[in-house]
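First up is the structure itself, then whatever we jot down about it.
Letters go in sequence order (proteins before strands), and every chain restarts at 1.
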2 protein chains.
Amino acid sequence: MPRTSTASAIATPSKRPVDDTAEMILDSAETFIQTRGYNGFSYADVASELGVTKAALHYHFATKGDLGIALLERYTERFLIALAAADAADLSAAEKIDHYGQLYLSVLQGRRMCLCGMLAAEHETLPAPMRAAVLRFFDRNETWLSGVLDAGRLDGTLRFDGPAGPVAQSIVGDLEGAMLIARLHDDVDRFTSVLDRLLRSLTAAAHD
Amino acid sequence: MPRTSTASAIATPSKRPVDDTAEMILDSAETFIQTRGYNGFSYADVASELGVTKAALHYHFATKGDLGIALLERYTERFLIALAAADAADLSAAEKIDHYGQLYLSVLQGRRMCLCGMLAAEHETLPAPMRAAVLRFFDRNETWLSGVLDAGRLDGTLRFDGPAGPVAQSIVGDLEGAMLIARLHDDVDRFTSVLDRLLRSLTAAAHD
DNA sequence: GTCTATAACGAGATAGAC
DNA sequence: GTCTATCTCGTTATAGAC
């Protein structure tokens, strides 16, 4: 089974954060949302973590919704860059899907939920622009996965029934669900087990 | 593919709610948590929906955490009863797993998330007793599923690799994830598609 | 068993000084 | 760009009347 390893673009907001206050705010808020949810953190939490005042946050992001939008744009952009990197590298379809799973794994290893998975749970409480951004994130994920699936089936390295779209949707749901449950149990193996099973089912009996 | 239909024990808290205030409060809070999350609703929301005061709620459930515990106990009990009903009925292993999926589907059709799936996302913010109750819920689900999987493999109607435990964990994660994403898109088909795929993979090439 | 009233606190957000 | 100070509102929770 393939296992690529350059999947850290999403793992940590910034190892040594850029000396840009707005970015530091985004880093802090991102981690808070991924661990406590959008309704589970406040400007006071971020301010106290960064050692600044709430007013300083409001200068950079007037409202909590504005902060959320900025966060979603940055997260989606980074995720797409990571997917583009997988495209640029000369990987097989299975390796690309494994790479995709590694992106999730790297987030989970930080004891965090996928930002958009967390926001999906809370979506009824989000400002409309945030809801739309979450939907866009998943649409782009599914589009990328569908392309990989179709290419893999064409070159004979992947096998699955029916159109790629629903399979891509299943993959996203499987990984988000595995992450949700693995994080609850603080047990990364629950995630890797699902990822392995997924890759095996897509490659099983291909090449015959 | 099998498709049983007596899966409404969990679908709606109570079609015509029992004339018991505590139960009505639980019904209302349950729906709020399933749609908005534990951190996305307040006593004021429940009170205004029921036309009573916040103080009345505090009489029945002193704290929000107490309300959450009572909710989790009721939800888990109902879920286990629904699983016991599947055991009592003379169903095949595949039909039992389908029945299990129908429980999720009935919740999703009410545009709600699984109570414990939602709380799993927010688990870092929950009082410790609630966290423990959420873990218990999933443990019991997995135990039941493992039993069904083992029985199905023994009688030759199901096929899967390795021990049943990790497969049971995958099933729970798949369904929770499918629910999370289907609800975001308000598209029930995304869930049924995953459930069909799951049942097919468990029954594929069995009976040979 | 439910009410009014209120306490005590934290939330998101703003004004204006530095 | 960040601060102090403040505003307003919503939150959980309690006291005590009915």
Side-chain angles (χ1 to χ4, degrees), chain A residues 14 17-72 74 118-119 122-131 133, chain B residues 14 17-33 35-72 74 118-119 122-131:
Chain A
S14 258
V18 186
D19 186 83
D20 177 357
T21 308
E23 289 294 311
M24 287 174 57
I25 294 168
L26 289 175
D27 290 345
S28 173
E30 186 170 281
T31 300
F32 273 122
I33 295 181
Q34 289 181 295
T35 52
R36 305 178 52 87
Y38 184 75
N39 296 319
F41 87 106
S42 70
Y43 267 36
D45 294 324
V46 174
S48 108
E49 187 177 74
L50 298 182
V52 297
T53 61
K54 290 188 291 173
L57 301 197
H58 280 288
Y59 168 77
H60 292 280
F61 304 99
T63 72
K64 201 182 178 187
D66 291 335
L67 174 55
I69 290 292
L71 215 39
L72 279 162
R74 194 182 71 159
M118 183 66 87
L119 294 176
E122 300 179 289
H123 83 266
E124 281 203 23
T125 70
L126 301 179
M130 284 187 67
R131 254 199 317 267
Chain B
S14 258
V18 186
D19 185 84
D20 176 358
T21 309
E23 289 294 312
M24 287 173 59
I25 293 169
L26 289 175
D27 290 346
S28 172
E30 186 169 282
T31 300
F32 272 121
I33 295 181
T35 52
R36 305 180 52 86
Y38 183 75
N39 296 319
F41 88 104
S42 70
Y43 268 35
D45 294 324
V46 174
S48 109
E49 186 177 76
L50 297 182
V52 297
T53 61
K54 292 185 290 174
L57 301 196
H58 280 287
Y59 168 77
H60 292 280
F61 304 99
T63 73
K64 201 183 179 187
D66 292 336
L67 174 55
I69 291 291
L71 216 40
L72 279 162
R74 192 182 74 160
M118 182 66 89
L119 294 176
E122 300 179 290
H123 83 266
E124 281 201 25
T125 70
L126 301 180
M130 284 187 68
R131 256 200 316 267

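With hydrogens and angles disregarded, no donor-acceptor distance shorter than 3.5 Å links the side chain of A:Lys54 to the backbone of A:Ser42. Remark: the backbone N or O of A:Thr125 is not paired with any side-chain donor or acceptor of B:Arg36 at under 3.5 angstrom. Without hydrogens or angle criteria, B:Glu122 side chain to B:Asn39 main chain gives a donor-acceptor distance under 3.5 Å.
The phosphate of C:dG1 has neither OP1 nor OP2 within less than 4.0 Å of any side-chain N or O from B:Thr21. Contact annotation: A:Ser42 side-chain N/O to C:dG10 OP1/OP2 distance is not under 4.0 Å.
Contact between A:Thr31 and A:Thr35 at its shortest, heavy atoms only, is O-OG1, 2.8 Å. A:Leu72 and A:Met130 make their closest contact through CD1-O, 3.6 Å (heavy atoms, listed as atom of the first residue, atom of the second, distance). For A:Ala29 against A:Phe41, the heavy-atom pair with the smallest separation is CB-CE1, 4.2 Å. The heavy-atom pair separating B:Phe61 from B:Ala70 by the smallest distance is CE2-CB, 3.6 Å.
Here C:dC9 presents its C1' atom at 15 Å from NZ of B:Lys64, a figure rounded to the nearest Å. Spacing between atom OH of B:Tyr43 and atom P of D:dC9 amounts to 25 Å, rounded to whole angstrom units. Counting to the nearest Å, the P atom of D:dG10 and the CG atom of B:Asn39 are 18 Å from each other. Here the C1' atom of nucleotide C:dG1 and the CD1 atom of B:Ile25 are 10 Å apart, to the nearest Å.
If one axis is set at each end of the helix from C:dG1-D:dC18 to C:dC18-D:dG1 from five pairs, those axes are 0° apart, to 10°.
Between C:dA13, D:dT11, D:dA13, one nucleotide has an atom nearer to the side chain of B:Ala44 than all others, and that is D:dT11.
Ring planes of A:Tyr43 and A:His58: tilted class, angle from 30 to 60°.
Contacts between residues 48-61 of chain B and DNA chain C, defined by a heavy-atom separation below 4.0 Å, involve B:Val52, B:Thr53, B:Ala55, B:Ala56, B:Tyr59, B:His60, listed by number.
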